[in-house]
Amino acid sequence: MGALDAVAARVAGGATVEFRPSGSSMVPLIRSRQLVTAAPADPSKLELGDIVLARVAGTVYPHLVSSLDPARKRVQISNNRGRVNGWTGHDRVFGICVAVDGIPRAGAAGKSLAAGHGS
């Protein structure tokens with residue numbers, strides 16, 4: 001079980017969660033140990049460039065949506081350095097990054113499951 005599995009489980013359960021991922025693959029969008037806020041995602045509303053908390057090849061990552069395949073209900077996940085991690089199903093997209101260090105992420109509003117449900 002990876003470091004972000006517990007975070008993913010909480011987000012999948014409906015919670016908005018703050019966490020501090022480590023690593024440099026998302027710089028400058030997310031720097032190592034910056035505070036990230038993720039809310040449950042509505043995968044049908046995702047767009048290219050959104051940052052999601054998703055499981056790809058058994059590992060949970062906060063990474064970019066780099067391609068969409070709505071017919072097959074999946075998204076392609078990449079880091080911010082050009083590396084494609086692979087495709088993952090909508091059921092493995094747990095959350096969308098709504099803020100980094102308390103600063104709202106442009107384009108994230110309205111893409112969480114809580115958005116539009118009065119929460």
Side-chain angles (χ1 to χ4, degrees):
M1 201 156 159
L4 294 179
D5 285 309
V7 172
R10 288 180 56 210
V11 175
T16 296
V17 177
E18 292 182 331
F19 62 102
R20 293 183 183 274
S22 59
S24 62
S25 66
M26 289 295 291
V27 171
L29 300 174
I30 301 172
R31 297 186 187 285
S32 189
R33 306 297 298 149
Q34 273 189 303
L35 184 65
V36 173
T37 306
D42 180 345
S44 68
K45 295 181 179 178
L46 295 176
E47 298 175 306
L48 299 182
D50 284 337
I51 299 174
V52 294
L53 185 63
R55 182 179 308 281
V56 181
T59 303
V60 175
Y61 298 98
H63 270 13
L64 289 172
V65 172
S66 55
S67 189
L68 302 164
D69 185 354
R72 293 175 71 182
K73 294 186 176 182
R74 64 185 190 156
V75 296
Q76 186 180 68
I77 303 299
S78 300
N79 67 22
N80 200 38
R81 305 212 174 248
R83 182 181 185 280
V84 174
N85 294 85
W87 289 93
T88 197
H90 284 182
D91 61 328
R92 292 176 179 252
V93 176
F94 306 110
I96 183 164
C97 173
V98 295
V100 176
D101 274 348
I103 300 168
R105 268 286 292 155
K111 294 179 185 172
S112 73
L113 290 174
H117 292 293
S119 320

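Heavy-atom basis, side chains included; hydrogens, waters and symmetry copies ignored.
Within a 6.0 Å radius of CZ in R72, no more than 12 heavy atoms belonging to other residues, nucleotides or ligands are found.
The structure places NZ of K45 at 12.0 Å from CG of D50, a figure rounded to the nearest 0.5 Å. Atom OG in S24 sits 10.5 Å away from atom CZ in R31 (nearest 0.5 Å).
The shortest heavy-atom contact between A99 and G102 is CB-C, 4.2 Å. A41 approaches L113 most closely through the heavy-atom pair O-CG, 3.2 Å. Of all non-hydrogen atoms in R33 and S22, the two that sit nearest each other are CD-CB, 4.1 Å. Between V11 and A38, the shortest heavy-atom distance links the atoms CG2-O, 4.1 Å. Among all heavy-atom pairs drawn from L68 and W87, the shortest one is C-CZ3, 4.2 Å. Listed here is the closest heavy atom pair of A39 and S112: CB-CB, 3.8 Å.
Judged by distance alone, the side chain of R74 and the main-chain N or O of T88 form no donor-acceptor pair under 3.5 Å. In terms of modelled atom types and a separation under 3.5 Å, the side chain of D101 and the main chain of I103 share no donor-acceptor contact. Between the side chain of N80 and the backbone N or O of V27, at least one donor-acceptor pair lies under 3.5 Å. Not one N or O on the side chain of R105 forms a donor-acceptor pair closer than 3.5 Å with the backbone of V98.
A 4.5 Å side-chain heavy-atom check between E47 and V65 finds every atom pair outside the cut-off. Side-chain atoms of T16 and T37, non-hydrogen and from C-beta on, do get closer than 4.5 Å to each other. Looking at M26 and L64, their side chains come closer than 4.5 Å, going by heavy atoms from C-beta outward. With contacts defined as side-chain heavy-atom distances shorter than 4.5 Å, the pair H63/N85 qualifies. In this structure, the side chains of P62 and L4 come closer than 4.5 Å at one or more pairs of heavy atoms. Looking at D5 and R55, their side chains come closer than 4.5 Å, going by heavy atoms from C-beta outward. Side-chain contact between L35 and V100 is absent, with no heavy-atom pair separated by less than 4.5 Å. The side-chain heavy atoms of Y61 and L53, taken from C-beta on, include no pair separated by under 4.5 Å.
Taking hydrophobic clusters as Ile, Leu, Val, Met, Phe, Trp and Tyr residues chained together by side-chain heavy-atom distances below 4.5 Å, L48 shares a cluster with I96. By the rule that hydrophobic residues join a cluster once side-chain heavy atoms approach within less than 4.5 Å of another member, V75 and I30 end up as members of separate clusters. Hydrophobic clustering, with ILVMFWY side chains joined whenever heavy atoms are under 4.5 angstrom apart, groups V17 together with I51.
Salt bridge D42/K111: absent, no basic N to carboxylate O contact under 4.0 Å.
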Item to check | Residue pair V60, V7: steps toward the side chain to side chain contact (heavy atoms under 4.5 Å, CB included) verdict | outcome: CA-CA 9 Å; V60 175; V7 172; over 6 Å; no
